[in-house]
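Down below is the structure, laid out as structure tokens.
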Amino acid sequence: MTPWLGLVVLLGSWSLGHWGAEACTCSPSHPQDAFCNSDIVIRAKVVGKKLVKEGPFGTLVYTIKQMKVSFTKMPHVQYIHTEASESLCGLKLEVNKYQYLLTGRVYDGKMYTGLCNFVERWDQLTLSQRKGLNYRYHLGCNCKIKSCYYLPCFVTSKNECLWTDMLSNFGYPGYQSKHYACIRQKGGYCSWYRGWAPPDKSIINATDP
């Protein structure tokens, strides 16, 4: 099994294509979970690509120019790797066109990403998502976002936020994905937070749901 094929099994995150390939199935994930579970979170522009003979259908290697780093386990990321086939969750990115928010994993000193990672055009992110990537999501990495697919569903500990986007008639991603972060509050419990002022401490006191 190639590193990326193993990655497909391990990761389930919101992606640029969402459900873009019929054979590529991804479990919904809140952007905060995608952030907290990634080895690399960067804003970058794709400036080149090439196909190399790795894996059953080859591997696309994108050359990127980093614009901003939210989090990385590597000192500098110049290339990102993805399966060439969308059926294996390979990711298609435009060259010299958009800036992207890219998340992924590191294997053998290389960054891998795909349709099951949180990858989106930067100009398509909401203001709340951008603020989350800059500082809010990091504050909630010790909280747990619990998915609710059908009612009734409940939180079972003070560390959980109940994620109900999948219940909406508008589908996924929904309002909580676009506008909220799950943050630990004063008192030690976690709850959804949407605020406009940046936090001045590692703990936010907010009553906003």
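The residues of the chain are indexed from 1 along the displayed sequence.
When all heavy atoms of Trp163 and Met166 are compared, the pair lying nearest together is CE3-CE, 3.7 Å. Nearest heavy-atom pair, Leu162 versus Trp192, reported as atom, atom and distance to 0.1 Å: O-NE1, 2.9 Å. Counting all heavy atoms, side chain and backbone alike, Thr59 lies closest to His81 at CG2-CB, 4.0 Å. Looking at every heavy atom in both residues, Gly48 comes nearest to Val95 through N-CG1, 3.7 Å.
Looking only at distances, a side-chain donor or acceptor of Asn134 sits under 3.5 Å from a matching main-chain atom of Arg130. Counting only distance, with no hydrogens or angles, the side chain of Thr103 and the backbone of Asn117 share no donor-acceptor pair below 3.5 Å. Panel note: side chain His30, backbone Tyr180; a donor-acceptor pair is recorded below 3.5 Å. In terms of modelled atom types and a separation under 3.5 Å, the side chain of Gln32 and the main chain of Cys182 share a donor-acceptor contact. Gln129 contributes no side-chain N or O that, together with a main-chain N or O of Pro31, makes up a donor-acceptor pair within less than 3.5 Å. No side-chain donor-acceptor contact under 3.5 Å links Trp122 to the backbone of Lys45. Judged by distance alone, the side chain of Gln185 and the main-chain N or O of Ile183 form a donor-acceptor pair under 3.5 Å.
Pairing of Cys190 with Cys161 by a disulfide is not supported, the SG atoms lying 2.5 Å or further apart. Between Cys24 and Cys116, a gap of 2.5 Å or greater is found separating the two SG atoms.
Val119 and Met74 end up in the same hydrophobic cluster when Ile, Leu, Val, Met, Phe, Trp and Tyr side chains are linked at under 4.5 Å. Residues Met67 and Ile40 do not share a hydrophobic cluster, defined by chaining ILVMFWY side chains whose heavy atoms lie under 4.5 Å apart. The hydrophobic cluster containing Val41 also contains Leu125, counting ILVMFWY residues as joined when their side-chain heavy atoms lie under 4.5 angstrom apart, directly or transitively. One hydrophobic cluster, built from ILVMFWY side chains closer than 4.5 Å, cannot hold both Val47 and Met111; they sit in different ones.
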* Check the pair Tyr189 / Ser157 against side chain to side chain contact (heavy atoms under 4.5 Å, CB included), numbers first and verdict last. => CA-CA 8 Å; Tyr189 64 93; Ser157 78; over 6 Å; no
* Hey, mind stepping through Thr126 and Ser128 against side chain to side chain donor-acceptor pair (under 3.5 Å) and telling me if it holds? -> CA-CA 5 Å; Thr126 66; Ser128 295; 4.8 Å; no
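Rounding to the nearest 0.5 Å places CG of Asn37 at 6.0 Å from CZ of Arg105. Atom NZ of Lys92 is separated from atom NZ of Lys49 by 6.5 Å, given to the nearest 0.5 angstrom. Between the CD1 atom in Ile80 and the CG atom in Leu93 there is a gap of 5.5 Å [rounded to 0.5 Å]. In this structure, the separation between CG on Leu127 and NZ on Lys178 is 14.0 Å, given to the nearest 0.5 Å.
Here Asp123 pairs with Arg121 in a salt bridge; the nearest charged N to carboxylate O distance falls below 4.0 Å.
The side-chain heavy atoms of Leu101 and Leu133, taken from C-beta on, include a pair separated by under 4.5 Å. Looking only at side-chain heavy atoms (C-beta outward), Asn159 and Arg184 come within less than 4.5 Å of each other. Contact of the His138 side chain with the Phe35 side chain is registered, since non-hydrogen atoms from C-beta on lie closer than 4.5 Å. No side-chain heavy atom of Val46 sits less than 4.5 Å from a side-chain heavy atom of Glu94.
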Residues 139-156, side-chain donor-acceptor partners within the protein, below 3.5 Å, at least two apart:
residue : atom : partner : partner atom : Å
Lys146  : NZ   : Phe154  : O            : 2.7
Thr156  : OG1  : Glu160  : OE1          : 3.1
Thr156  : OG1  : Glu160  : OE2          : 3.1

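Ring orientation note: the planes of Tyr98 and Tyr100 are nearly perpendicular, at an angle over 60° on the 30°/60° scale.
In this structure, Val61 shares a hydrophobic cluster with Val52, Tyr79, the cluster being traced through Ile, Leu, Val, Met, Phe, Trp and Tyr side chains under 4.5 angstrom apart.
Within the structure, side-chain hydrogen bond (donor to acceptor under 3.5 Å, both in side chains) contacts touching residues 60-75 (residues at least two apart or in different chains) are Asp39-Lys73.
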